[in-house]
There are 2 protein chains.
Amino acid sequence: MTSHCKDGHGGVKGASGSLWCCLNALCSSQGLASEEAALLDEIVSSPLRLEKRAVLYEQEAPFDSLYAVCTGCLKQETAVNETETLLTSFWLPGDLIGCDAIGLGRYPATVSALETATVCRLPFARLEALTQRLPRLRRQLQCTTSRARHEERIILHQLLSRTAEARLACFLLVVSDCFHRRGYSPTHFRLPVSRNDIGSYLGLTQETVGRTLATYQSQRLLRVNGREYQLLDLAQLERLASSTGRRQKRP
Amino acid sequence: MTSHCKDGHGGVKGASGSLWCCLNALCSSQGLASEEAALLDEIVSSPLRLEKRAVLYEQEAPFDSLYAVCTGCLKQETAVNETETLLTSFWLPGDLIGCDAIGLGRYPATVSALETATVCRLPFARLEALTQRLPRLRRQLQCTTSRARHEERIILHQLLSRTAEARLACFLLVVSDCFHRRGYSPTHFRLPVSRNDIGSYLGLTQETVGRTLATYQSQRLLRVNGREYQLLDLAQLERLASSTGRRQKRP
DNA sequence: CGTCCCTTTGATTTACTTCAAGCTCTGTGG
DNA sequence: CCACAGAGCTTGAAGTAAATCAAAGGGACG
């Protein structure tokens, strides 16, 4: 996992690295014709570099662009009160940031880099103009975002009635799956997220996150070293993740 | 709360009861011009009656229509396994059902009536054709659904790290607000939802839901009689709902 | 080298689930 | 009309998962 962007990959000949990331983000790797890709390439910015803790955009800023993650990891936080901010998303390579702002006119959250990251900017106005001419692209984009929303919804509802064990397993599997779909190892990855951030995403304390990871480790389900994760028993993790409810009711 | 639909209301002269409900659902009561309303009226079906436990549509059925709730209450459930189904939404008068299917091609959940309900069907193809000609309507529809999605997201993330007390307060306030926005009493309403269903929506057991309601009642925050709710102290409920975390960390 | 942040580990407390029993409604068939 | 079944709701007692509080160890970075 040294380089996230892959040149000349994705079935579109001659696609630049940044284009490849955008295609991924927009279409979940379902191919577009070369001509369509070429048109898309024209409106994609060259990769933008964000240092650790740099802010991609602030909550309430006017919406004008989507961003495709090329490398690195970002987090999204929404301030709901003066006192409370919610960590509502992590963004990994291949993810499309900003979809939740479409229709709102403003970004509903602040997005910042957890480590050095590169993203490609997609000016939304130009993207929309493009989808007018390319109905296939429009459909793919809509399908991708709808599916993502639905999945997130389901996961959040599942988490609500689950133990810390199941929540964390669920989370790790989502991350694993995300890496997998983008062509990286589903079992060995670096996740540059503090225990505290994982905790606030899952509604747990950092201590519980740490302890649960330790438990997993002692059960040989995975190995953790700081923020390096190696999943050893995906099958068992899935079983844990989908174990209904807090404890098993007996019939 | 005997009649939910209001005739000749909403600033659009001569709007039928069903049209009024759809306007509400589509535009959050922000007025459209009379001509626009008239066009919308043409594609809205007359109210459809659903008996208790009747299914509006099944999960996986092909998507073709949105539905605006005129009266009654419905619930939405998604089956994720053979073993597990999640209760992901309740639908009250003025809500627009089916938006989560846009872009997916299929309904991602089963929706059924909790009590006798009436809904208006909005064939999506005709609605889309209409929005081609009425950009204002398109924008309003998009804005309404985006806002709803964002709010749901935020609420779910809030619930994740809250106690049963806060979850229930949050839930009651959302319901109250929904009724309020549609012109009903925010403090006195019938919510024909079993404790069990509230529990699975909030990730709690029915016992906890019942006990928490009892606690509220003993604190004079509300009165419950079966499924009739009377909120007595909205301010305190809001305080409870937004009390961060499980317990208050002391600085 | 020392400071700060992140993480781990331990002890205690508490909120919620589980299990169980009884109670209130509603509808149904004798 | 009453008996009775069944679902929904309530209440109690016990157990457990996770939060809280506290303290100490490890890295990164100035």
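First the proteins, then the strands, lettered A, B, ... as listed; each starts at 1. Hydrogens, waters and symmetry mates are skipped; everything else that's a heavy atom, side chains included, is used. Keep in mind the model is a prediction, meaning the values are calculated, not measured.
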Fill in: Base versus backbone protein contacts along nucleotides 3-8 of chain C [heavy-atom cut-off under 4.0 Å; B, S, -]
---SBS
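D:dA18 atom C1' lies 16 Å from atom CG of A:Leu159, rounded to whole Å. Distance CZ (A:Arg167) to P (D:dA17): 14 Å, rounded to an integer number of Å. One interatomic measurement links the two molecules: NZ of B:Lys52 to C1' of C:dG27, which rounds to 10 Å at whole-angstrom precision. B:Leu168 has its CG atom 11 Å from the P atom of C:dC16, to the nearest Å. Rounded to an integer number of Å, the gap from CG of B:Leu160 to P of C:dC16 is 14 Å. Following rounding to the nearest Å, B:Asn225 (CG) and D:dG8 (C1') show an atom-to-atom distance of 14 Å. For the pair B:Glu165 CD and C:dA15 C1', the computed distance is 10 Å after rounding to whole Å.
The existence of a salt bridge linking A:Lys75 and A:Asp197 is confirmed by a sub-4.0 Å separation between a basic side-chain nitrogen and an acidic carboxylate oxygen. For B:Glu151 and B:Arg149, the salt-bridge test fails: no basic side-chain N is under 4.0 Å from an acidic carboxylate O.
With hydrogens and angles disregarded, no donor-acceptor distance shorter than 3.5 Å links the side chain of A:Tyr216 to the backbone of A:Leu231. Of the possible donor and acceptor atoms, one in the side chain of A:Arg182 sits under 3.5 Å from a partner among the backbone N and O of A:Gly94.
Phosphate contact (OP1/OP2 of C:dT17, side-chain N/O of B:Thr205, threshold under 4.0 Å): present.
Partners of A:Asp64 by salt bridge (charged side-chain N to carboxylate O under 4.0 Å, His left out), not counting sequence neighbours, listed by chain and number: A:Arg121.
The number of heavy atoms from other shown groups lying within 6.0 Å of CZ (B:Arg106) is above 12.
Taking every side-chain heavy atom of B:Thr163 into account, C:dC16 is the closest of C:dT17, D:dT20, C:dC16.
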